[in-house]
Amino acid sequence: MTNDCKKMKRALIVTALARFTKSFLKNDIITLQKMGYEVHCAANIHHAGAECMPAYFEDMNVVFHQIDFSSSKPISFETLKSYKQMAELFKKEHFDLIHCHTPIAGTIARFAGRRQRKAGSIVIYTTHGFYFHKHSSKKTWIVFHTIEDMMSRYCDAIITINREDYGNAKKLHCGKVFYIPGVGVDTKRFRDVDIDRSAYRKMLGIRDNQLLVLAVGELSHRKNHQIVVKALAKAQIPDAVL
């Protein structure tokens with residue numbers, strides 16, 4: 001390759017926990033690579049369930065950067081440390097595209113990446129649910145709306161996945177706001193699926209007269225699936241299946 005050849009474009013995916021990329025962003029990585037990007041990821045790999053991630057990043061041909069993000073403590077030593085780590089990463093590396101996910105990591109990356117953006121980087125923030133919404137407390141609204149309002153000045157696009165967030169994001173300072181329902185899932189593909197419910201229940205070992213409750217989501221303490229179990233126990237519904 002000659003010196004006149006252009007360097008491969010670089011994209012950085014930022015998220016608090018490394019496992020998030022495997023759970024939600026595999027198609028994003030593949031799409032960016034097909035577009036000619038060398039894909040990097042900045043995240044914290046030191047958390048439960050991330051044991052497989054070094055091999056995953058290697059298989060996906062993703063360059064990984066360990067950042068000690070906290071996923072739950074915005075005001076903490078981890079937050080200060082991760083900001084310094086991101087600032088150092090941006091000093092060493094230039095990225096043509098920076099795609100931020102999750103509130104704390106997204107805030108740190110956008111603030112630390114201000115100079116990258118001035119140098120031509122495109123910064124995108126995907127919110128998987130603003131912490132300020134119609135059911136949040138006044139204190140929560142003020143704190144998180146203020147943060148998101150300020151950080152919206154440091155990105156070129158905000159992607160939302162529900163209509164309330166879309167409406168709230170439109171009132172912030174970012175010029176481009178997009179609404180992509182279900183994190184990009186085309187729900188029309190599933191809406192009209194024809195299925196034999198009795199045959200499917202039989203395959204699962206569930207009788208037709210049993211109440212079947214479907215709870216979808218990551219099985220973790222913070223997802224609070226226990227509330228469904230406790231509610232079913234309290235309701236005392238005979239032969240209920242979760």
Residue pair Arg110 / Tyr125, side-chain heavy-atom distance below 4.5 Å: yes
Same apolar cluster (I L V M F W Y, side chains within < 4.5 Å links), Phe24/Val14: no
CZ-NZ distance between Arg115 and Lys91, expressed to the nearest 0.5 angstrom: 7.5 Å
Under 3.5 Å: donor-acceptor pair, side chain of Arg114, backbone of Phe111: yes
Distance-only donor-acceptor check, side chains Ser82 and Thr79, under 3.5 Å: no
Backbone N/O of Ser136 and side chain of Thr140: donor-acceptor pair under 3.5 Å: no
Aromatic plane relationship, Phe132 with His145 - under 30° parallel, 30 to 60° tilted, over 60° perpendicular: perpendicular
Co-membership, hydrophobic cluster, residues Leu211 and Ile206, 4.5 Å side-chain: no
Closest non-hydrogen atom pair between Ala112 and Ala87, with its separation: CB-N, 4.1 Å
Atom of Ser121, atom of His94 and distance for their closest heavy-atom approach: OG-CE1, 3.3 Å
Side chain Ser71, main chain Ala16, donor-acceptor under 3.5 Å: no
Co-membership, hydrophobic cluster, residues Ile122 and Leu12, 4.5 Å side-chain: no
Ionic contact status for Lys176 with Asp156, cut-off 4.0 Å: no
Check: Val62 and Ile29 side chains under 4.5 Å, non-hydrogen atoms: yes
Verdict with supporting geometry, His128 and Phe20, ring pair (Phe, Tyr, Trp, His ring centres under 6.0 Å): CA-CA 12 Å; His128 297 262; Phe20 187 90; 5.1 Å; yes
Side chains of Val229 and His225 in contact at under 4.5 Å (non-hydrogen atoms): no
Lys234 backbone acceptor or donor facing Gln236 side chain under 3.5 Å: no
Same apolar cluster: Tyr56 and Val63, side chain cutoff 4.5 Å: no
Side-chain heavy-atom pair Pro54, Phe64 within 4.5 angstrom cut-off: no
Flag if over 12 foreign heavy atoms under 6.0 Å of CG, Asn209: yes
Minimum heavy-atom distance Lys22-Cys52, with the two atoms named: NZ-SG, 3.7 Å
Hydrophobic cluster membership, Ile147 vs Met86, 4.5 Å side-chain cutoff: yes
Pairwise side-chain contact, Val228 with Leu242, heavy-atom cut-off 4.5 Å (strictly under): yes
Full working for side chain to side chain contact (heavy atoms under 4.5 Å, CB included) between Leu204 and Lys202: CA-CA 5 Å; Leu204 296 175; Lys202 185 176 181 180; over 6 Å; no
Close side-chain approach of Arg201 to Arg207, heavy-atom, < 4.5 Å: no
Side-chain (Glu38) to main-chain (Ala11) donor-acceptor, under 3.5 angstrom: no
Arg10/Asp96 salt bridge by N-O under 4.0 Å criterion: no
Main-chain N/O of Arg19 paired with His47 side-chain donor or acceptor, under 3.5 Å: yes
Note, Phe69 side chain near Lys81 side chain (heavy atom, < 4.5 Å): no
Polar contact flag, side-chain donor to acceptor under 3.5 angstrom, Gln66-Asp68: yes
Trace of the side chain to side chain contact (heavy atoms under 4.5 Å, CB included) decision for Arg163 with Tyr179: CA-CA 7 Å; Arg163 294 191 181 279; Tyr179 167 53; 3.6 Å; yes
Heavy atoms of other groups near Ile195 CD1, more than 12 under 6.0 Å: yes
Between CD1 on residue Ile98 and SG on residue Cys155, distance to nearest 0.5 Å: 11.0 Å
Polar side chain donor-acceptor pair, Asp165 to Asn162, under 3.5 angstrom: yes
Steps toward side chain to side chain contact (heavy atoms under 4.5 Å, CB included) verdict (Thr15, Thr21): CA-CA 8 Å; Thr15 181; Thr21 59; 3.8 Å; yes
Inter-residue atom distance Ile13.CD1 - Leu25.CG, 0.5 Å rounding: 5.5 Å
Donor-acceptor contact present, side-chain Gln33 to main-chain Asp28, <3.5 Å: no
Whether Phe95 and Phe90 hold their rings parallel, tilted or perpendicular, with breakpoints at 30° and 60°: perpendicular
Check: Leu97 and Ile124 side chains under 4.5 Å, non-hydrogen atoms: yes
Gap between atom CD1 of Ile67 and atom CD1 of Ile45 - 0.5 Å precision: 12.0 Å
Distance (rounded to the nearest 0.5 Å) between Leu80 CG and Ile108 CD1: 9.0 Å
Heavy atoms from other residues, nucleotides or ligands near CD of Glu58 exceed 12 (cutoff 6.0 Å): no
Distance, nearest 0.5 Å, that separates NE2 of His101 from OG1 of Thr126: 4.5 Å
Over all atoms of both residues, closest heavy-atom pair of Ile104 and Pro74: CD1-N, 3.6 Å
Side chain to side chain contact (heavy atoms under 4.5 Å, CB included) between Gln116 and Tyr154, intermediate numbers included: CA-CA 10 Å; Gln116 289 256 332; Tyr154 304 126; over 6 Å; no
